Amino acid sequence: MKICIHSDGYEKQAELLRKTLEKRIEVEYTSDGMNIELDVVNTWNEKESYQISKIENGYRILGSDELGLYYGIGKFLHTAVWSETEFVPNPPTK
């Protein structure tokens with residue numbers, strides 16, 4: 001499966017995402033794959049919160065802080081539908 005991860009400096013979180021994907025499916029990291037954007041929005045008042053949204057050709061996972069970003073990645077991976085060759089994200093609607 002082709003995936004492109006944009007981590008905006010959050011390399012530890014991106015590495016967690018990469019390792020988890022690689023344990024479950026064969027991954028090719030390329031710019032023309034499914035986009036997964038990771039970022040932190042420091043203006044949210046809720047600590048450790050996250051938001052997962054659909055974007056063009058992929059998904060954006062935002063955290064209110066670094067822990068929130070970890071939790072968002074966890075939810076993103078946990079709610080996905082996995083097969084032997086790919087996964088289909090199914091993020092929560094709320």
Side-chain angles (χ1 to χ4, degrees):
M1 178 167 195
K2 294 182 178 182
I3 295 178
C4 181
I5 298 174
H6 304 274
S7 64
D8 200 28
Y10 297 97
E11 291 306 314
K12 290 180 184 177
Q13 290 85 350
E15 186 61 23
L16 170 72
L17 178 59
R18 282 186 203 98
K19 284 182 178 182
T20 304
L21 289 169
E22 291 166 6
K23 284 181 183 177
R24 310 259 326 244
I25 61 172
E26 187 174 319
V27 180
E28 177 185 349
Y29 297 105
T30 176
S31 61
D32 65 340
M34 175 195 304
N35 287 313
I36 302 175
E37 296 181 5
L38 307 177
D39 205 355
V40 169
V41 180
N42 292 320
T43 58
W44 293 350
N45 292 329
E46 290 286 325
K47 290 185 176 192
E48 301 176 4
S49 62
Y50 61 87
Q51 179 184 51
I52 304 169
S53 56
K54 178 88 171 104
I55 59 171
E56 185 175 340
N57 193 33
Y59 296 86
R60 178 178 295 130
I61 305 170
L62 299 174
S64 61
D65 50 26
E66 289 190 29
L67 278 176
L69 185 55
Y70 276 121
Y71 296 147
I73 292 168
K75 181 60 89 171
F76 180 74
L77 294 169
H78 181 71
T79 58
V81 177
W82 296 86
S83 75
E84 290 184 17
T85 58
E86 66 180 355
F87 82 109
V88 178
N90 188 22
T93 56
K94 289 188 176 186

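Here the structure is a predicted model, which is why all the values come from computation and not from measurement. All values below were derived from every heavy atom in this structure, side-chain atoms included, with hydrogens, water molecules and symmetry-related copies excluded.
- Using a 30° and 60° split on the angle between ring planes, F76 and F87 fall in the perpendicular class, above 60°.
- We find the CD-CD1 distance between Q13 and I5 to be 11.5 Å, quoted to the nearest 0.5 Å.
- The closest donor-acceptor contact from the side chain of S64 to the backbone of E46 lies under 3.5 Å.
- Interatomic distance, CD1 of I25 versus OG1 of T20, reported as 11.0 Å (0.5 Å rounding).
- In this structure, I73 and Y50 have side chains that are not in contact, with every pair of non-hydrogen atoms separated by 4.5 Å or more.
- Here the CG-OH distance, from N90 to Y59, works out to 7.5 Å after rounding to the nearest 0.5 Å.
- Salt bridge annotation for E15-R18: present, with a cationic side-chain nitrogen under 4.0 angstrom from a carboxylate oxygen.
- D8 contributes atom CG, which lies 10.0 Å from atom CG of L62 (distance to the nearest 0.5 angstrom).
- Between P91 and I52, the shortest heavy-atom contact is CB-CG2, 3.4 Å.
- Atom OH of residue Y29 and atom CD1 of residue I36 lie 8.5 Å apart, to the nearest 0.5 angstrom.
- Contact annotation: the side chain of E48 approaches that of D65 to within less than 4.5 Å [non-hydrogen atoms, C-beta and beyond].
- The environment of K54 atom NZ is dense: over 12 non-hydrogen atoms of other residues, nucleotides or ligands sit within 6.0 angstrom.
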Handout entry: L67 and K47: CA distance, side-chain angles, deciding distance, side-chain contact (heavy atoms from CB on, under 4.5 Å) verdict
Key = CA-CA 8 Å; L67 278 176; K47 290 185 176 192; over 6 Å; no

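- Under the 4.5 Å side-chain criterion, counting only non-hydrogen atoms from C-beta, N35 is in contact with H6.
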Donor-acceptor list for residues 37-45 side chains, cut-off 3.5 Å, not counting sequence neighbours:
unit_1, atom_1, unit_2, atom_2, d
E37, OE1, R60, NE, 2.9
E37, OE1, R60, NH2, 3.1

Practice task
Applying side-chain contact (heavy atoms from CB on, under 4.5 Å), run through L77 and L21 and close with a yes or a no.
Solution key: CA-CA 8 Å; L77 294 169; L21 289 169; 4.1 Å; yes

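- Interatomic distance, CD1 of I61 versus OG of S7, reported as 12.0 Å (0.5 Å rounding).
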